[in-house]
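Written below as structure tokens is the structure these notes are about.
Because only heavy atoms are used, hydrogens play no part in the values below, and waters and symmetry mates are left out as well, while side chains stay in. Every number for a ligand or one of its atoms is a count from 1 in the order of the listing.
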Amino acid sequence: MLVSIIPGFVPQNDPELLEKAKASRPKLNKMQLAPLRYLSGDTWEAAEGLKEKELGLGDQVTLDFGRHAVGHVSLDFGIRGSHQDAPLWVRLEMAERLEELEERWDTYRGWISPSWLQREEYHLDSLPCTLSPERRFAFRYVRITVLGVSRKFRVTVNKAEAIAQSAADWDRVPERRFFEKDLQRIYDASLMTLSECTQDVMEDGPKRDRRLWLGDLKLQAETSYISFQSLSVIRRCLYLFAGSRFPDGRLSANVFTDPEIAGDDTYLMDYALFFLDVLCDYVEHAGDREALNDLHETALFQMEYVLERCQNGLISPESAGDFFIDWSDDLDKWAAAQGIVILALNAAERLCGLLGDTERAGDCRKKAEEFRRAARAEFYDPEKGLCLSRGQVSLHTQVFLTLSGVMTPEEGILAIRKAEEVPGSPGMMTPYMHHYYLLALLMAGEKDAALHHMRLYWGSMLEGGADTFFEAWDPEDPTSSPYGGSQVNSYCHAWSCTPARILVEYYPEQYLEMPVEKTQEADT
Ligand code: RAM
């Protein structure tokens, strides 16, 4: 569970930085969509016939728009029979996957608000009319259920449409043709996931939380550089984080933009440290010196804050509790947290390099060395050939201590393989964690194994007909949820968009790349 409430918390806003965030607001591209087919009973029918279908009490149709969409729905209801002597009472349910509609919504008792459920009811007093809910939804399917209608009339759906929106520009994406069909599908679904989450900010998921989270932003930005190059959105997000911080200078784990910009009173130490990486990557891709000048102090402060919570080259075990790492209640996070601190020191070195501060860069390098040595002494068990975090073996520990160089790549892969055999060790719960697992395999040169895992894990999400990748996924237990009920799971989630980037960077032999036809400038 992650619920942080700091009484009296007021984020410290920096108007100048927030002005720059506002100036980088992206344009949303809109697209009109119509349903391709509809489900009535057990049969899919062509959408053209929908307007002829008369609906009475308890009747239900499910529209399929044929692709995932983020946006608004509009339905024209008509009337057949005698006068409308009573309101039409209708329920709309929006779903990213068909399976969501099979879930019992009334049984949801999880710790995340049920108000996220995309389920609305309306009373329509005067037919015919157009119902255009103001709320934005994330959906491919829209189920319409007639909850109340009189005996004198029946209802028709004369027209259905959706306006889908995204700030991602597909014209900037080079066409990549994969030789193998399943990799093409994984690549396409990754980019679809990213495109759907690229809105006014880089959202974590357009169904839920529809919000800018730092750990998600890192992976979105990395994937965006090989595809949509949404530089202005990334710039906006960096300025939003820096522009609304904890009063002591720490970065919030996420930022609200409605009704006004406000950093949340939730702090995740790993997320705050990732700001260093996101900033370096952005400056390297965009060449944006202004952002570097404006934001580097904020970035380096995140590192200093964490270093104050370290002793003898180790993050304190108490502070490790402020790391996210993964949705896994029984995970001992200490060792993985140490790995992330080392990775952040590497990023701090890179940032100082961009600033031309070679002395400080050298200090960061030395510190990273010291932290690696200390970590090896504390966590690595040469006899067992793996790392332990206060006695616990987990993949999370092996992955982050491989990526941070505490173990050599050769030791790392052996440790990962051993950890996989340990019964009862905490499992990886999210595509976010699986992403870092893939990177660790690749670091150890295990290209085949990494591709196999990508196919197995991300590929299995597509098997049931998904268009986008999910927030949480366990192929062995498809309805599992970190929230106490899969009804609130998001099925188009930013942190799972990374296979496209991994395929492009590590597997160029798997595809042919066509040059982008229009010469497009990235949106700075
Ligand atoms: C969830 C969101 C988000 C993630 C945080 C930690 O609420 O899904 O993606 O970054 O948790």
For this session: Just jot down the salt bridge (charged side-chain N to carboxylate O under 4.0 Å, His left out) partners of Asp294, sequence neighbours excluded, or say none.
Result: Lys20
Problem set entry | Per-atom contacts, ligand 1 versus Asp216 - under 4.0 Å to a heavy atom | 3 (C), 4 (C), 9 (O), 10 (O)
For this session: Output yes when Arg417 and Glu420 qualify as a salt bridge under the 4.0 Å nitrogen-oxygen rule, no when they do not.
Result: yes
Donor-acceptor pairs are to be reported for all side-chain atoms of residues 243-251 against protein atoms at under 3.5 Å, with residues two or more places apart or in another chain.
residue	atom	partner	partner atom	Å
Ser244	OG	Asn13	OD1	2.6
Ser244	OG	Gly263	N	2.8
Arg245	NE	Ala242	O	2.8
Asp248	OD1	Arg250	N	3.1
Asp248	OD1	Arg250	NE	3.2
Asp248	OD2	Arg250	NE	2.9
Asp248	OD2	Arg250	NH2	3.1

Exercise. Tell me: protein heavy atom nearest atom 3 (C) of ligand 1, and distance?
Worked result: Asp204 OD2, 3.4 Å
Exercise. Phe324 and Trp495: aromatic ring centres closer than 6.0 Å?
Worked result: yes
Exercise. Using a distance-only test with no angle check, is there a side-chain donor-acceptor pair under 3.5 angstrom linking Thr468 and Glu96?
Worked result: no
Seminar exercise, completed: ligand 1 to Arg208, heavy atom cutoff 4.0 Å, flagged ligand atoms 1 (C), 2 (C), 7 (O), 8 (O)
For this session: Classify the contact between Asn254 and ligand 1 as side chain, backbone, both or neither, using a heavy-atom distance cut-off of under 4.0 Å.
Result: neither
Exercise. Taking only heavy atoms of His493, which atoms of ligand 1 are found under 4.0 Å from at least one of them?
Worked result: 2 (C), 3 (C), 8 (O), 9 (O)
Exercise. Has Arg67 got its NZ or CZ under 6.0 Å from the middle of the six-membered ring of Phe65, at an angle within 45 degrees of the ring axis?
Worked result: no
For this session: Report, in ascending order of atom number, the atoms of ligand 1 lying under 4.0 Å from any heavy atom of Trp495.
Result: 4 (C), 9 (O), 10 (O)
For this session: Could you find the nearest protein heavy atom to atom 7 (O) of ligand 1 and give me its residue, atom name and distance?
Result: Asp209 OD2, 2.8 Å
Problem set entry | Asp322 bridged to Lys333 by N-O distance under 4.0 Å | no
Exercise. Do Glu203 and Arg210 sit within salt-bridge range, that is, some charged N less than 4.0 Å from a carboxylate O?
Worked result: no
Exercise. Among protein heavy atoms, which lies nearest atom 6 (C) of ligand 1, and at what distance?
Worked result: Tyr271 OH, 3.5 Å
Exercise. What is the nearest protein non-hydrogen atom to atom 1 (C) of ligand 1, stated with its residue, atom name and distance?
Worked result: Tyr483 OH, 3.6 Å
Exercise. Taking N or O atoms only and a 3.5 Å limit, does Trp327 qualify as a polar contact for ligand 1?
Worked result: no
Problem set entry | Identity and separation of the nearest protein heavy atom to atom 8 (O) of ligand 1 | Glu471 OE2, 2.7 Å
